[in-house]
Amino acid sequence: MTIRFVTSNEGKVREAREYLGDDEVEQVNYDYLEVQSDDLADIAAHGAREAYEQLDSDEPVLVDDAGLFVEAFDGFPGPYSAYVEGTVGVERVYELTDLQDDDRAYFRTVLAYYDGEETQTFEGAVPGRIVAPRGDGGFGYDPIFEHDGKTMAEMTTEEKNAISHRGRALAKFADWLATEPAERKGPR
Ligand code: ITT
């Protein structure tokens, strides 16, 4: 079964393909409306349903809504991470965090899967520290997000998936997909 991954972000697609297999993931560029919410699960679930309704086919869709939560800023930019990356930029997020006493942060993502009947969400999070940019890999905030001594931009896609928010969410999603449809109930 091919999953339509609704995203404009090539980095997310690379990580999903590395986890689920190249042939399993088809990238679909559809710009769903991001509802205003401080809950990533809400944003992802609405996006998945809207994309499914608008795309003219009954293949299931997957949406990924992610954010960087900086402890010193009570979780900001969180759901506004894409806007902040596009305006002030990731280097400035580092500079602002560097002025604080606390450099702790976490990344969180929620995958929402919708097949026309039920919405399922899978979340993953990873703790880290905000550091001066290092590394050429990854995308987005990866150069300033350090976990276990390495920034996510210093990791291969496989290494990043092994520890990352998205890797954790993809693992839950893959486990769920592998179960029989009748057994796919219950909390995750
Ligand atoms: P789509 O909505 O089209 O999927 P996007 O990049 O706008 O793409 P998000 O709103 O989920 O997706 O992304 C929030 C921000 O966090 C955005 O600036 C991303 O570049 C960044 N981001 C998401 N996942 C990341 C990761 O694994 N590592 C570093 N930055 C990430």
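Atoms within a ligand are numbered from 1 in the order they appear, just like the ligands themselves.
- Residue pairs meeting the ring-ring contact (aromatic ring centres under 6.0 Å, His included) criterion with at least one partner in residues 52-75, sequence neighbours excluded, are Tyr52-Tyr114, Phe69-Tyr106.
- A distance of 6.0 Å or more separates the ring centres of Phe122 and Tyr113.
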Got a list of side-chain donor-acceptor pairs under 3.5 Å for residues 76-85, not counting sequence neighbours?
{"from": "Ser81", "atom 1": "OG", "to": "Leu68", "atom 2": "N", "distance (Å)": "2.9"}
{"from": "Ser81", "atom 1": "OG", "to": "Gly78", "atom 2": "O", "distance (Å)": "2.6"}

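- The backbone N or O of Thr7 lies less than 3.5 Å from no partner atom in the side chain of Lys12, so there is not a single donor-acceptor pair.
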field: Chi angles and distances behind the salt bridge (Lys or Arg N to Asp or Glu O under 4.0 Å) call for Glu146, Arg129
entry: CA-CA 5 Å; Glu146 186 188 84; Arg129 295 193 315 124; 3.0 Å; yes
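- Protein residues with a heavy atom under 4.0 Å from ligand 1 are Thr7, Ser8, Asn9, Lys12, Tyr32, Glu34, Asp64, Asp65, Ala66, Ser81, Ala82, Glu85, Phe107, Phe139, Gly140, Tyr141, Asp142, Lys160, His165, Arg166.
- Applying the ring-ring contact (aromatic ring centres under 6.0 Å, His included) rule to pairs touching residues 128-167 yields Phe107-Phe145, Phe107-His165, sequence neighbours excluded.
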